[in-house]
Amino acid sequence: MRPILSSIAILTLLIFWGCSNTVLVPTPPRVDLKIYGTIGLIQFTTNSDPALNAFATQQFQEQVQHAAPGTPILELGTKEAVLEAIGATRLDAEAVTNIGKKYGVSAVFLGEIVYSDPKTDLRISDINKLDGSIRTEIRGDMASKLMETKAGASVWSSSAWAKRQITGVTVSPKRGVSTTIGDTNPRKDMVPTLTYHPTEDFRPRMIRQPKPQP
């Protein structure tokens, strides 16, 4: 027991020594949105309830402007409405360039969320003792990108995924049978998580560096 305690004490001292000889230094975000001026935002799409399209778009905008306060964002509407406004049938490089000319934006955010079908996972620890569990969950995958409108090229892209439990049943010889009911709307519940992680690229960071020598 004493060797373990001694190792923990040494490790703790090393951590404190390392922290005392370093400082936290702010660094700029990986992607500086200020260089783009006003950015257009086309409504996100999902393969679920259409109401989630607007919700996901709102959440993404909030996360972007929280990460980079003061970023001017112009909501352009649905992809279908934007394409109709510029007389295009698909969102290619030429269409993105025309979006920039029509709406006066130098870049455009795009995004979509794809939800999987519910998946059930059965795990049996000991069939003789009736020890196991059944868990049903759903997964969401979000892909987003930023396209500059001068040439219609992609300048940033990111993705994220999340899972939410729908139902779960656990059978144990000690605890008996227990049932878990997940969120009433797991697809909506995972949207804030899906939209937060990609926007980390727009947030300033703090990194630890050695203290300058006197």
Side-chain angles (χ1 to χ4, degrees), residues 29-34 36-85 90-91 95-96 99 103 105-121 133-149 154-169 179-206:
R30 295 185 179 91
V31 178
D32 186 4
L33 296 179
K34 293 180 181 178
Y36 297 107
T38 301
I39 301 175
L41 174 60
I42 295 178
Q43 188 176 96
F44 279 33
T45 59
T46 71
N47 62 339
S48 183
D49 184 350
L52 284 180
N53 297 354
F55 179 68
T57 308
Q58 175 194 4
Q59 288 290 304
F60 182 79
Q61 180 175 343
E62 289 180 4
Q63 297 290 0
V64 170
Q65 292 181 321
H66 186 270
T71 301
I73 294 178
L74 180 64
E75 298 178 48
L76 305 180
T78 66
K79 181 174 71 173
E80 293 76 14
V82 171
L83 289 176
E84 183 179 357
R90 60 177 182 169
L91 202 57
V96 173
I99 289 172
Y103 295 100
V105 295
S106 55
V108 180
F109 275 121
L110 313 169
E112 68 171 345
I113 298 177
V114 177
Y115 295 104
S116 70
D117 292 329
K119 181 181 178 181
T120 300
D121 182 29
S133 64
I134 300 176
R135 177 186 178 95
T136 300
E137 61 185 14
I138 190 170
R139 170 170 170 152
D141 289 85
M142 192 187 88
S144 53
K145 65 173 58 177
L146 178 65
M147 303 186 73
E148 55 86 19
T149 57
S154 174
V155 293
W156 170 85
S157 62
S158 186
S159 61
W161 63 271
K163 290 182 179 180
R164 290 293 183 273
Q165 182 176 345
I166 300 177
T167 58
V169 178
T179 303
T180 302
I181 304 298
D183 302 298
T184 56
N185 192 342
R187 294 172 178 84
K188 183 177 181 180
D189 181 65
M190 68 177 78
V191 168
T193 300
L194 290 171
T195 55
Y196 172 81
H197 288 294
T199 58
E200 289 183 344
D201 288 338
F202 311 138
R203 303 173 190 274
R205 296 170 294 153
M206 300 292 290

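When a residue number appears, it is its place in the shown sequence, counting from 1.
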Chemist: Tell me which donor-acceptor pairs under 3.5 Å the side chains of residues 190-197 have, and how far apart each pair is, sequence neighbours excluded?
Modeler:
residue, atom, partner, partner atom, Å
T193, OG1, R164, NH2, 3.3
T195, OG1, V191, O, 3.0
T195, OG1, P192, O, 3.2

Chemist: What I want to check is whether the side chains of T46 and N53 have a donor and an acceptor closer together than 3.5 Å.
Modeler: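 Present: a donor and an acceptor within the cut-off.
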
Chemist: To the nearest 0.5 Å, tell me how far I42 CD1 sits from L74 CG.
Modeler: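 Between I42 CD1 and L74 CG, I get 10.5 Å after rounding to 0.5 Å.
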
Chemist: Mind checking the OG-CG spacing from S158 to L146? Nearest 0.5 Å is all I need.
Modeler: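 Spacing of OG (S158) from CG (L146) equals 11.5 Å.
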
Chemist: If the test is side-chain contact (heavy atoms from CB on, under 4.5 Å), which one of T57, T78, L52 qualifies with F44?
Modeler: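 Checked T57, T78, L52 against F44; only one passes side-chain contact (heavy atoms from CB on, under 4.5 Å): T57.
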
Chemist: Between atom CD of E200 and atom CD of Q63, what is the distance when rounded to the nearest 0.5 Å?
Modeler: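 If I round to the nearest 0.5 Å, the distance is 9.5 Å.
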
Chemist: How about P186 and Y115: do any of their side-chain heavy atoms sit closer than 4.5 Å?
Modeler: no

Chemist: Going by an N to O cut-off under 4.0 Å, is there a salt bridge joining R203 and D201?
Modeler: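 No, R203 and D201 are not salt-bridged.
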
Chemist: Which atom pair, heavy atoms only, marks the closest approach of P72 to G37?
Modeler: CG-O, 3.4 Å

Chemist: Is there side-chain contact between Y103 and V82, with at least one heavy-atom pair below 4.5 Å?
Modeler: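 Side chain of Y103 against side chain of V82, heavy atoms only: contact under 4.5 Å found.
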
Chemist: Output the distance between atom CG (L110) and atom OG (S154), rounded to the nearest 0.5 Å.
Modeler: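 Atom-to-atom, L110:CG and S154:OG are 8.5 Å apart.
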
Chemist: Run D189 and R187 through salt bridge (charged side-chain N to carboxylate O under 4.0 Å, His left out) and show every step you take.
Modeler: CA-CA 5 Å; D189 181 65; R187 294 172 178 84; over 6 Å; no

Chemist: E62 vs Q58, test: side-chain hydrogen bond (donor to acceptor under 3.5 Å, both in side chains). Steps then yes/no.
Modeler: CA-CA 6 Å; E62 289 180 4; Q58 175 194 4; 3.2 Å; yes

Chemist: Which word best sums up how the rings of F109 and F60 line up, parallel for under 30°, tilted for 30 to 60°, or perpendicular for over 60°?
Modeler: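 Plane angle over 60°, so perpendicular.
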
Chemist: Rounded to the nearest 0.5 Å, how far apart are CE of M147 and NZ of K145?
Modeler: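 So the CE of M147 and the NZ of K145 are separated by 5.5 Å.
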
Chemist: Taking the side chain as C-beta and beyond, is there a heavy-atom pair between I113 and D141 under 4.5 Å?
Modeler: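 Not touching, per the 4.5 Å side-chain cut-off.
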
Chemist: How far does CD of Q59 sit from NZ of K188, to the nearest 0.5 angstrom?
Modeler: 9.0 Å

Chemist: Main chain of R139, side chain of S116: is a donor-acceptor contact present, judged purely on distance under 3.5 Å?
Modeler: yes

Chemist: Are W161 and M142 side-chain neighbours, meaning at least one heavy-atom pair lies under 4.5 Å?
Modeler: no

Chemist: Is there a side-chain contact between V64 and L41, using heavy atoms and a 4.5 Å cut-off?
Modeler: no

Chemist: Heavy-atom distance under 4.5 Å between the side chains of Q165 and T136, does that happen here?
Modeler: no

Chemist: Any side-chain heavy-atom pair from L91 and V108 closer than 4.5 angstrom?
Modeler: no

